[in-house]
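Below is one structure, written out as structure tokens; comments come after it.
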Amino acid sequence: MPCHPARARGLLDRGRAVVARHTPFTIRLKHRTKVDSTIDGVQLRLDPGSRATGIAITDERHQVGPTGWAGLARRGLVTIELRHRGRRIHRGMLRRAGYRRRRRSANLRYRAPRHDNRRRPNGWLAPSLRHRVDSTTSLVNRLCRYAPIVDPCRARLI
């Protein structure tokens, strides 16, 4: 479970935990087994965008107030903004297309037109969109390894 940095420092100072990874900073409790501990789990939330995708790991708890009202309290544990390279990929592909066009026009003045002979396979995505999907998926999979996400297949949109 993610915890506050002060709590992690206290566990490390008292010798109850050891550093498992430095990036992302992860500790492992020494005297606790998987059978002895119960974990509530956390939720993964996604906010897709064209330039960046927001990713948040949240914790939900049901609270009862002093007057008797019941509510759901959600607090953010980790927030990440993943910036996409879609515009740079698009500009690079336009540049490559210009180079190809230049090579063709320099050598073949009377080249027969070929414009309708290419088919894209089913499920094809543009490279800029494929980058957005692949980078988000890989980061979500990495977060699933470090945090006890309850249902990673159903990440909620914010």
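Legend: residues meeting side-chain hydrogen bond (donor to acceptor under 3.5 Å, both in side chains) with Asp59, ordered by chain and number and at least two apart, are Arg61, Arg75. Looking at residues two or more places apart in sequence or on another chain, you find a side chain to side chain contact (heavy atoms under 4.5 Å, CB included) between Thr137 and Val133, Asn141. By the side chain to side chain contact (heavy atoms under 4.5 Å, CB included) test, Ser135 is found to be paired with Leu82, His84, His131, residues two or more places apart in sequence or in another chain being considered. Every residue meeting the side chain to side chain contact (heavy atoms under 4.5 Å, CB included) condition with Ala73, not counting sequence neighbours, appears here in chain and number order: Gln63. In this structure, the side chain to side chain contact (heavy atoms under 4.5 Å, CB included) partners of Leu94, at least two apart in sequence or on a different chain, are His90. Residues passing the side-chain hydrogen bond (donor to acceptor under 3.5 Å, both in side chains) test with Arg101: none are found, sequence neighbours excluded. Looking at residues two or more places apart in sequence or on another chain, you find a side-chain hydrogen bond (donor to acceptor under 3.5 Å, both in side chains) between Thr58 and Arg45.
If you chain together ILVMFWY residues whose side-chain heavy atoms come under 4.5 Å of each other, Val18 ends up in a group of its own. Residue Trp124 belongs to no hydrophobic cluster, having no ILVMFWY side-chain heavy atom closer than 4.5 Å to its own. Counting side-chain heavy-atom gaps under 4.5 Å among Ile, Leu, Val, Met, Phe, Trp and Tyr, the cluster of Leu29 also holds Leu11, Leu12, Val19, Phe25, Ile27. The hydrophobic cluster containing Ile89, built from Ile/Leu/Val/Met/Phe/Trp/Tyr side-chain heavy atoms closer than 4.5 Å, also comprises Met93.
A single hydrophobic cluster is not seen to contain both Leu44 and Tyr146; linkage of ILVMFWY side chains at heavy-atom distances under 4.5 Å, directly or through other members, places them apart. Following chains of ILVMFWY side-chain contacts shorter than 4.5 Å, one can reach Val140 starting from Ile80, so the two form part of one hydrophobic cluster. Under a hydrophobic clustering in which Ile, Leu, Val, Met, Phe, Trp and Tyr are joined whenever their side-chain heavy atoms come within less than 4.5 Å, directly or via other members, Leu77 and Ile149 fall into the same cluster.
Open room surrounds NE2 on His22; 12 or fewer heavy atoms of other groups in view lie less than 6.0 Å from it.
The two atoms that bring Ala147 and Ile57 nearest to each other are CB-CD1, 4.1 Å, heavy atoms only. Across all non-hydrogen atoms, the minimal contact from Gln43 to Val150 is NE2-CG2, 4.1 Å.
Summarising the geometry, atom CD belonging to Glu60 is positioned 4.5 Å from atom CZ belonging to Arg74; distances are rounded to the nearest 0.5 Å. The CZ atom of Arg9 lies 8.0 Å from the NE2 atom of His4; values are rounded to the nearest 0.5 Å. Considering CD1 of Ile55 and CG of Leu143, their distance stands at 6.0 Å, rounded to 0.5 Å.
Within the structure, every pair that satisfies the salt bridge (Lys or Arg N to Asp or Glu O under 4.0 Å) test and touches residues 82-95, not counting sequence neighbours, is listed here: Glu81-Arg83.
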